[in-house]
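For reference, the structure discussed in these notes is given below.
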Amino acid sequence: MAEVKVKKETNLSDPAEIENRIKELCHQFPHGITDQVIQNDMPHLEPQHRAMAINKLLSLGQLDLLRNSSGLLYRLKDTQSASKMKGSDNQEKLVYQIIEDAGNKGIWSRDIRFKSNLPLTEINKILKNLESKKLIKAVKSVAPDRSVTGGAWYSDQDFESEFVEVLNQQCFKFLQSKAEAARDSKQSPMVQRNSSFATSHEVWKYICELGISKVDLSMDDIETILNTLIYDGKVEMTVIAAKEGTVGSVDGQMKLYRGVNPVLQPTGLVRTPCGLCPVTQHAKHTYEAELQVSAGPAVSSSPQNPHLESLNEKKGLKVCPVVCPQVFDDCHEGGEISPSNCVYMMEWLDF
Amino acid sequence: MHRGTVRAKPGERSQRAEVCMTAQEVRLCGLLLREHFGEVVEKVGTHLLKSGAQNLRTIIHETGISLDLIRRSLCVLVQHGICMFSSGRKGPGSPMEYQTSCDRILRILRFPRYIYTAKTLYGDTGELIIEELLQRGEMTMSSTVKTVADRLTQNMEEGRSMDYSEVSSAFSKLVETHFLQRCPPMAGAGTTKSATPATPGTPAGTPAAPVSTAPPTPESFPDCYKVPHVTLIGRGKRQLSSEDGEDQRNAKKARMDSETHGDEGIYWQVNFERFHLHFRDQAIISAVANKLDQTSSEIVRTMLRMSEVTTSPIATCTKPLSANEIFRSLPTSYNIARPILDQYLTLLVDDPMEFVGKAGESGGGMYVVNLHRALANLARATLESVVQERFGSRSARIFRLLLRKRHLEQKQVEDFAMIPAKEAKDMLYTLLSQNLVQLQEIPKTPDYAPSRTFYLYTVNQLPTARMLLQNCYKTVANLVERRLFESRESKRLLEKSQRIEAILASLQASGAEPEQLTEVEEMITAPEKQQLEALRLHINKLDSAENQVDETIFLLESYINSTATSAS
């Protein structure tokens with residue numbers, strides 16, 4: 001004979017029993033239960049009593065009220081978090097809920113006000129309370145989301161160009177040494193070329209191991225750095241198909257980078273003072289610059305083009321170490337500035 | 001952008017070759033003419049440049065120079081292939097019109113490079129042959145051989161001399177490789193010098209002169225590269241005292257030789273185009289060597305060598321060569337295995353610079369050298385180099401970024417280049433003001449309101465290259481002027497030092513005492529010696545700078561010309 005299920009009839013007149021029953025149902029269905037489920041279980045329970053029981057549980061903080069597309073859901077609240085909020089009133093619970101929902105990003109107090117429809121004074125009181133209970137913290141920046149702060153390259157809204165430069169140089173050194181090692185290995189050209197490549201994943205691992213970054217860098221970040229190296233003309237990239245699951249592959253592809261040599265030495269034009277003397281079309285600039293020139297060759301310390309100094313270090317290049325003002329266009333024979341009296345030409349010749 | 005840009009009169013352009021020039025080009029041409037031929041020729045030449053084709057009477061009228069001087073100047077210019085003449089616009093029978101063009105005069109700048117190339121390829125003999133021909137414009141083979149033999153003998157030890165046959169064979173080699181070519185015979189206007197018809201296809205006996213279209217190229221004549229049969233037996237003669245010296249400019253003293261050698265009337269000139277092709281090949285080979293390695297550049301050199309005669313000067317790429325052929329033609333010192341060659345070729349094809357392309361699979365793979373693409377890449381590297389040296393590596397990064405991505409907004413430039421916004425803005429505006437970068441507006445609404453318009457930065461390679469070319473011309477003109485200025489300033493001192501050297505030479509020849517020699521030497525004081533030394537250094541520096549800028553000019557010109565032919 002089949003076993004007959006005996007169900008203990010819930011005493012529908014005892015509210016505590018109703019509440020317990022509801023809690024048991026919640027245990028059974030951890031995702032949450034709807035009114036319908038409760039009704040099915042206790043068909044004789046009147047809606048009034050049901051509502052009362054549910055409200056009691058909610059106020060005790062033992063149930064969570066959620067809404068989904070089909071209606072209301074009741075879920076058993078996590079006992080740990082239930083204990084946290086013991087002693088807090090509803091408003092505080094609400095505010096805490098809102099802050100929790102904001103997740104990693106955090107939330108402005110103004111936004112809390114909008115979401116909870118509470119007056120500002122109330123919000124501030126509640127926030128102070130919660131803070132004293134050590135449930136929330138007012139922060140300037142604690143692991144904020146990337147999109148808010150600009151990512152790894154910004155700290156306090158300042159673009160860290162030095163950091164970027166350092167990373168730029170380190171990545172380039174890594175790729176350069178890999179290319180050199182490949183060249184020195186004296187193997188067949190195809191093998192040499194392939195071994196001079198590094199995947200973005202390899203570069204990322206190298207940079208992480210170097211430990212020069214206080215912030216965690218993702219592979220995407222490293223790829224943006226490698227792209228700047230491409231725009232510097234120091235590195236080239238190819239994309240190859242990779243099996244899904246290969247380390248470092250994204251969408252079945254891998255990006256490979258390698259250091260390259262420049263195709264041309266600095267061109268002849270820029271080894272002359274005239275070649276570096278920029279052309280200008282604004283008469284105003286030339287007038288000011290003319291005054292500068294006639295005042296004497298005191299322009300050697302001009303900070304405008306510091307890179308000119310580095311040119312002197314280039315072997316065999318005797319480049320004018322002095323900045324040329326914007327006078328090229330105005331320079332013509334018989335004029336105030338001409339090849340015959342150009343101060344920069346003179347300094348370059350005597351260098 | 002160029003002050004006082006001068007353009008040819010509108011009517012001329014349709015009929016003649018490109019007469020387009022700018023103020024910078026005219027200035028540079030004037031300086032070059034002045035330095036090589038003197039001020040009168042400079043005046044006539046620059047006048048013709050600015051005014052287009054003119055007949056003799058108009059030239060006299062507009063320049064105010066006497067008929068005799070103008071005649072002689074035109075003679076000099078024609079002799080050097082700088083000036084061309086043809087029948088007037090009104091058809092045959094109207095007075096002759098003369099015209100010059102900038103590019104022929106600008107070649108003078110490149111003479112040292114031509115001479116040096118001849119030296120590397122054919123030794124001292126080749127060097128002197130080319131030098132003589134460049135100085136004289138055109139000469140017969142026999143007179144060239146004799147002059148060069150004499151010059152070589154001058155520098156040899158006592159008792160040794162140069163045989164004519166050696167020089168002749170060097171000359172023939174230069175003709176075989178097309179570095180020298182026959183001057184096109186003057187057709188119609190004068191006496192016919194050879195049996196070759198004026199234009200191929202003209203039936204013999206037609207007396208009419210050709211209608212004035214572009215003058216026939218030397219290569220339209222079938223005998224262009226045919227060495228005539230010359231009887232040249234003898235050796236170079238040593239001259240005891242050089243009366244002629246190196247100061248000959250207009251003096252084209254014809255050798256009053258009574259000997260004839262069988263090649264009268266056949267004049268030779270330097271084939272500049274062939275040298276230019278050689279320079280272009282050299283540039284490509286060294287670019288490959290820089291980017292990849294020595295072996296790859298040797299392979300490309302072999303491919304270019306094999307294609308020398310089969311590729312037309314304006315071709316986009318060489319004719320396809322099979323890997324088998326390349327393997328066979330590699331120099332024997334490069335002992336690489338066939339599969340390794342295939343690897344090198346594959347790597348060349350895969351390289352982003354696209355020096356070499358694959359054209360097919362037969363014969364082990366058919367490969368071509370992409371000439372136009374290589375020139376474009378070299379021009380691009382030149383532009384990037386200029387931006388880098390003038391404005392710094394971060395501006396160069398922005399420049400390269402825009403070359404790659406074509407159109408970018410300001411924000412995108414900052415993000416891709418990873419440069420802080422303020423500095424990126426600064427750099428972009430500087431580049432914009434220098435016209436190296438252009439701004440393109442894309443309106444969202446028809447009223448072009450600034451807040452509703454996209455502003456995109458872009459770089460156009462071809463116009464930027466043209467602009468830089470003008471910069472180069474101006475730079476070279478500045479360097480030449482400075483050089484002339486420095487010489488002028490020290491003219492007195494230079495003359496004094498020359499006089500003293502002449503005195504010393506004659507004293508030595510007549511066997512003077514050492515005391516006398518030192519006495520003469522001391523006529524130049526120590527500070528003067530220092531000044532002379534400084535002058536020498538300055539002039540050398542300016543000279544080499546001119547050559548370096550000419551390299552840039554060559555790359556940019558080749559690139560611009562290549563786009564013109566591929567666009568047509």
Side-chain angles (χ1 to χ4, degrees), chain A residues 153 158-159 161 164 168 183 188-193 224-225 227-228 230-233 236-238 260-282 285 305-308 311 318-319 328-329 331-333 338-342 345 348-351, chain B residues 1 3 287 290-291 293 295-296 340 343-344 346-347 350 352-353 377-378 381-382 384-386 388-393 396-398 400-401 404 416-421 423 433-435 467-468 471-472 474-475 477-479 481-482 485 534 537-538 541-542 545 547-552 555:
Chain A
W153 317 120
D158 283 327
F159 184 74
S161 35
V164 168
N168 185 298
R183 259 199 302 273
S188 82
M190 199 59 95
V191 173
Q192 262 185 42
R193 189 187 87 127
T224 42
I225 295 278
N227 281 343
T228 64
I230 296 179
Y231 306 135
D232 280 337
E236 70 182 20
M237 173 186 87
T238 34
V260 288
N261 300 321
V263 90
L264 203 62
Q265 302 305 315
T267 191
L269 174 64
V270 293
R271 298 190 201 172
T272 67
C274 301
L276 295 170
C277 194
V279 181
T280 182
Q281 292 134 41
H282 301 299
H285 284 172
N305 288 7
H307 65 281
L308 272 182
L311 284 174
K318 295 200 178 84
V319 175
F328 189 57
D329 209 36
C331 155
H332 57 275
E333 199 50 45
S338 69
S340 322
N341 66 16
C342 175
M345 187 81 88
W348 171 68
L349 284 173
D350 288 331
F351 185 65
Chain B
M1 184 184 149
R3 262 183 313 102
N290 283 340
K291 182 101 199 296
D293 56 26
T295 316
S296 307
I340 301 286
Q343 283 191 13
Y344 273 110
T346 314
L347 288 178
D350 282 343
M353 288 263 156
N377 283 332
L378 285 171
T382 307
E384 292 169 4
S385 162
V386 172
Q388 177 134 354
E389 300 298 328
R390 277 195 197 167
F391 302 108
S393 21
R397 193 190 287 177
I398 293 180
R400 283 195 198 95
L401 171 61
R404 269 183 175 259
F416 279 122
M418 303 204 80
I419 297 177
E423 294 174 38
S433 71
Q434 304 296 324
N435 228 347
M467 183 188 78
L468 273 181
N471 279 8
C472 288
K474 179 159 185 175
T475 303
N478 281 355
L479 292 169
E481 276 201 40
R482 181 68 189 218
F485 166 75
L537 280 173
H538 285 189
K541 200 172 211 173
L542 289 163
N547 290 337
Q548 284 173 345
V549 181
D550 182 61
E551 283 178 23
T552 311
L555 276 178

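Below, chains carry the letters A, B, ... as their sequence lines are ordered, and counting in each starts from 1.
- Note on B:M353, B:E551, B:R404, B:R400: by heavy-atom pairs under 4.5 Å with chain A, the leading option is B:R400.
- B:T382 and A:T267 are not linked by any side-chain donor-acceptor pair at a separation below 3.5 angstrom, with hydrogens and angles left out of the test.
- Interface residue B:A381: backbone and side-chain heavy atoms are both found under 4.5 Å from chain A.
- The two residues B:M418 and A:T228 come nearest to each other via the heavy atoms CG-CG2, 3.4 Å.
- In plain terms, the two heavy atoms of A:W348 and B:A545 that are nearest each other are CH2-CB, 3.7 Å.
- Put simply, the side chain of B:E481 does not reach to within 4.5 Å of the side chain of A:M345, judged on heavy atoms.
- Looking at A:N227, neither its backbone nor its side chain comes within 4.5 Å of chain B, counting heavy atoms on both sides.
- Using a 4.5 Å cut-off on side-chain heavy atoms (C-beta onward), A:R271 and B:V549 make no contact.
- Of all the listed residues (A:N168, A:L269, A:I230, A:V260), the one sharing the greatest number of non-hydrogen pairs under 4.5 Å with chain B is A:L269.
- Contacts of B:A287 with chain A are made by both backbone and side-chain atoms, with heavy-atom separations under 4.5 Å.
- At a threshold of 4.5 Å between non-hydrogen side-chain atoms, the residues B:N290 and A:Q265 count as touching.
- No donor-acceptor pair closer than 3.5 Å links the side chain of B:K474 to the backbone N or O of A:C274.
- Within the 4.5 angstrom heavy-atom criterion, only backbone atoms of B:I419 (N, CA, C, O) approach chain A.
- Scanning both residues, B:L347 and A:M190, for their nearest heavy atoms gives CD2-SD, 3.7 Å.
- The only option from A:V270, A:V263, A:L264 that meets the side chain to side chain contact (heavy atoms under 4.5 Å, CB included) definition with B:S385 turns out to be A:V270.
- Residue contact with chain A, scored on non-hydrogen atoms closer than 4.5 Å, is absent for B:S296.
- The two residues A:G275 and B:R390 come nearest to each other via the heavy atoms O-NE, 2.7 Å.
- For the options B:L401, B:L378, B:V386, B:D293, heavy-atom pairs under 4.5 Å to chain A are most numerous at B:L401.
- Residues B:I340 and A:P189 have side chains in contact (heavy-atom distance under 4.5 Å, counting atoms from C-beta outward).
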